[in-house]
Amino acid sequence: MKKFLGVFFMAVLTPFWAWAGENVTYTAKGEAFEGYRAKSSTGPSKGMVIIVHDWDGLTDYEKKRADMLASMGYDTFAIDLFGKGKRPKAIKDRRALTKSLYTNRSRMRALLVAGYQEAKKGSSGKTVMMGYCFGGAATLEMARSGAASELAGYVSFHGGLATPPGQSYPPNTAPLLIAHGGADKSIPMDDVAALSKELETAKLDYEIQVYSGAPHAFTVFGSKRYREKADQKSWVALKSFLKLSLGG
């Protein structure tokens, strides 16, 4: 899980740094949530990318990733699954918030759909959903739900991969990309193999990339777990996936 603002961000977020996007407050189930929208900065949008945050909520990490995607020509929206102002710093609070959604899958799905609907207000065309760690698990939850069948793809970076009992991926599930660290001790390779078998049996379009020596949360800038090579390789894989899925 990610460590908020590591060495990398301290170098990047100088006093002159200005975010390319803006915070957006929206409501879901009568509650306030705060997402982040970054529009394509290269001209007409190539499509929409929705980002689902890690277990510490929507932080500068997701905003930075959204800006990176905007600079590549994609409209991007980072959704909020915890609620406006809920950005837990203590481990126990992060566990409590994620557990509240893992044990209430219907709520998780409803909030994912609400975030998706808010994202689509600012962009038309094809859309891909992606997430980091907890957000990766949530992204796969969205895929299994079939609640947004028009989504063009799903991407999980070092996310939870196990399918809960009673769930499965619908036959029409869009392509999936799984980026996983070979040295991930939180999500074992057994889960990777089980997911591959499940998706293969379902005859779905998927790709799983495993990066040697990469631990859990290997994409998180500035953290002790950050692995530059694995991060770069997984970002290249994402670029290729977006080009194929969105046609940009």
Side-chain angles (χ1 to χ4, degrees), residues 1-13 17 19-21 35-36 38 49-72 74 76-81 87-89 91 94 98 128-143 153-162 175-189 191-192 195 206-243 245:
M1 300 300 179
K2 69 177 176 279
K3 178 181 178 182
F4 182 68
L5 291 182
V7 175
F8 178 88
F9 270 144
M10 292 304 292
V12 172
L13 301 182
W17 175 262
W19 294 110
Y36 177 80
V49 181
I50 297 174
I51 299 174
V52 189
H53 58 75
D54 192 2
W55 74 337
D56 52 354
L58 200 172
T59 67
D60 286 354
Y61 177 77
E62 288 80 20
K63 292 180 181 181
K64 176 60 180 175
R65 291 292 184 181
D67 284 358
M68 290 168 67
L69 288 163
S71 72
M72 291 160 50
Y74 298 102
T76 310
F77 190 80
I79 68 176
D80 175 15
L81 295 185
R87 306 295 184 257
K89 291 186 167 64
I91 298 296
R94 295 174 182 179
T98 53
V128 163
M129 179 174 284
M130 58 181 274
Y132 294 91
C133 294
F134 162 74
T139 295
L140 296 186
E141 181 73 25
M142 185 69 155
Y154 304 90
V155 185
S156 169
F157 290 90
H158 41 78
L161 304 179
L176 300 102
L177 170 63
I178 309 297
H180 186 77
D184 192 328
K185 295 181 180 179
S186 298
I187 313 298
M189 289 299 294
D191 286 0
V192 178
L195 178 62
Y206 72 97
E207 180 177 357
I208 298 176
Q209 294 201 3
V210 178
Y211 306 103
S212 62
H216 191 63
F218 64 84
T219 68
V220 181
F221 305 122
S223 73
K224 292 181 179 179
R225 297 179 178 183
Y226 181 71
R227 297 295 184 272
E228 183 177 16
K229 183 181 289 188
D231 177 38
Q232 291 178 348
K233 285 183 176 180
S234 63
W235 195 252
V236 169
L238 173 66
K239 288 180 179 180
S240 177
F241 184 83
L242 292 178
K243 185 174 183 179
S245 300

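None of these values were measured; they are calculated from a predicted model. For this chain, numbers begin at 1 and follow the sequence in order.
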Quick one, [X] and [Y] - any side-chain contact, counting heavy atoms below 4.5 Å?
X      : Y      : result
Leu242 : Tyr74  : yes
Asp60  : Lys63  : yes
Val155 : Met129 : no
Met130 : Val49  : yes

Locate the shortest heavy-atom distance separating [X] from [Y]; write the atom from each residue and the value.
X      : Y      : result
Gly136 : Ser156 : CA-OG, 3.5 Å
Ala183 : Gly213 : CB-C, 3.8 Å
Trp19  : Lys64  : CZ3-N, 3.6 Å
Ser245 : Val128 : CB-CG2, 3.9 Å
Leu58  : Arg87  : O-NE, 2.9 Å
Trp55  : Pro88  : O-CG, 3.8 Å

- Kindly determine whether Leu176 and Leu140 satisfy side-chain contact (heavy atoms from CB on, under 4.5 Å), including the steps that lead there. CA-CA 9 Å; Leu176 300 102; Leu140 296 186; 3.6 Å; yes
Any donor-acceptor pair under 3.5 Å linking the side chain of [X] with the backbone of [Y]?
X      : Y      : result
Arg227 : Ala214 : no
Asp54  : Asp56  : no
Ser223 : Val220 : yes
His216 : Gly159 : no
Gln232 : Lys229 : no
Asp191 : Ala162 : no
His53  : Leu81  : yes
Ser71  : Met68  : yes

- Side-chain donor-acceptor pair under 3.5 Å between His158 and Thr219, yes or no?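 Note: His158 and Thr219 side chains meet the donor-acceptor criterion.
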- Message: Quick one about Tyr36 and Asp67 (side-chain donor to acceptor, distance below 3.5 Å, no hydrogens or angles considered), yes or no?
- Response: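 Result is yes, a qualifying pair exists.
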- Message: Test side-chain contact (heavy atoms from CB on, under 4.5 Å) on Gln209 and Ile178; report intermediate values, then the result.
- Response: CA-CA 6 Å; Gln209 294 201 3; Ile178 309 297; over 6 Å; no
- Message: Could you check whether Tyr226 and Phe218 have their ring centres less than 6.0 Å apart?
- Response: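 No, the ring of Phe218 stays outside the 6.0 Å limit from the ring of Tyr226, centre to centre.
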- Aromatic centroids of Phe221 and Tyr61 separated by under 6.0 Å: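 Yes, close enough.
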- Task: To the nearest 0.5 angstrom, please state how far the CE atom of Met189 sits from the NE2 atom of His180.
- Result: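 Rounded to the nearest 0.5 Å, the CE-NE2 separation comes to 5.5 Å.
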- Item | Of Tyr132, Phe241, Phe134, the residue whose pairing with Phe157 passes ring pair (Phe, Tyr, Trp, His ring centres under 6.0 Å) |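 One option only clears the test, and that one is Tyr132.
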- Query: Is the closest basic N to carboxylate O distance between Asp184 and Arg225 below 4.0 Å?
  - Reply: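 No salt bridge links Asp184 with Arg225.
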- Could you go step by step and tell me if Asp231 and Arg65 meet the salt bridge (charged side-chain N to carboxylate O under 4.0 Å, His left out) rule? CA-CA 12 Å; Asp231 177 38; Arg65 291 292 184 181; 3.0 Å; yes
- Query: Can you check side-chain contact (heavy atoms from CB on, under 4.5 Å) on Ile51 and Leu69, steps first, answer last?
  - Reply: CA-CA 10 Å; Ile51 299 174; Leu69 288 163; 3.9 Å; yes
- Item | Intermediate values then yes/no, side-chain contact (heavy atoms from CB on, under 4.5 Å), Val192 and Ile208 | CA-CA 8 Å; Val192 178; Ile208 298 176; 3.7 Å; yes
